[in-house]
Amino acid sequence: MRAGEAARLVATVFSAASSLRCVPLGLVIGTLLSLIDQGTVTASGDATVATWLRVLFTYLAPFRVSSAGFFGCRRATWRATPTTRTARPSGPGASHAAH
């Protein structure tokens, strides 16, 4: 990760645009995976603190993956977009004018 991208990462992952896409995905996939992985334990009433921690991490995994994809897409767009730079003066005497 380049310098300065950490702040952009946090801002992008927790932006409204990212949340609107990644949170519902995390909830749907997290619910399905939790039912598959921990459904019988939670339904029988035998869930422990460790079980609920597994459920929590099961919800976080698809959110993190979709957020990483969202950020990667945005970063590719930023890198592909040319930045506007101020033109340096050219011609006779330009090197003196720049200083």
Side-chain angles (χ1 to χ4, degrees):
M1 185 175 289
R2 293 180 181 173
E5 278 192 343
R8 233 178 178 178
L9 169 69
V10 172
T12 301
V13 168
F14 295 104
S15 70
S18 176
S19 296
L20 287 173
R21 289 169 180 82
C22 300
V23 169
L25 183 66
L27 290 173
V28 171
I29 301 300
T31 299
L32 291 172
L33 291 175
S34 292
L35 288 172
I36 292 168
D37 295 339
Q38 307 300 327
T40 56
V41 175
T42 55
S44 68
D46 296 330
T48 63
V49 172
T51 304
W52 292 113
L53 285 173
R54 285 188 208 103
V55 170
L56 172 67
F57 287 117
T58 300
Y59 276 95
L60 290 177
F63 173 76
R64 289 179 52 216
V65 170
S66 61
S67 295
F70 187 86
F71 177 73
C73 181
R74 288 288 170 102
R75 183 172 58 180
T77 302
W78 296 325
R79 289 181 177 175
T81 305
T83 57
T84 308
R85 297 181 186 203
T86 55
R88 295 190 141 203
S90 60
S95 63
H96 299 292
H99 296 280

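Heavy-atom basis, side chains included; hydrogens, waters and symmetry copies ignored.
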Worksheet item: Residues two or more places apart in sequence or in another chain: which of them pass side-chain hydrogen bond (donor to acceptor under 3.5 Å, both in side chains) with S44?
Response: D46
Item to complete: For T77, enumerate each residue passing the side-chain hydrogen bond (donor to acceptor under 3.5 Å, both in side chains) test, keeping only those at least two apart in sequence or located in another chain.
Response: none
Side-chain donor-acceptor pairs of residues 14-26 under 3.5 Å, sequence neighbours excluded:
unit_1: S15; atom_1: OG; unit_2: T12; atom_2: O; d: 2.8
unit_1: S15; atom_1: OG; unit_2: S18; atom_2: N; d: 3.2
unit_1: S18; atom_1: OG; unit_2: V13; atom_2: O; d: 3.0
unit_1: S19; atom_1: OG; unit_2: S15; atom_2: O; d: 3.0
unit_1: R21; atom_1: NH1; unit_2: A17; atom_2: O; d: 2.9

Fill in: Rounded distance (nearest 0.5 Å) linking atom CZ of F71 with atom CZ of R8
7.5 Å
Worksheet item: Partners of A11 by side chain to side chain contact (heavy atoms under 4.5 Å, CB included), sequence neighbours excluded?
Response: none
Discussion item. According to side chain to side chain contact (heavy atoms under 4.5 Å, CB included), who are the partners of T40, at least two apart in sequence or on a separate chain?
Written reply: none
Which side-chain N or O atoms in residues 55-70 pair as donor and acceptor under 3.5 Å with protein atoms at least two apart or in another chain?
unit_1: T58; atom_1: OG1; unit_2: R54; atom_2: O; d: 2.6
unit_1: Y59; atom_1: OH; unit_2: T31; atom_2: OG1; d: 2.8
unit_1: S66; atom_1: OG; unit_2: P62; atom_2: O; d: 3.0
unit_1: S66; atom_1: OG; unit_2: F63; atom_2: O; d: 3.1
unit_1: S67; atom_1: OG; unit_2: F63; atom_2: O; d: 2.8

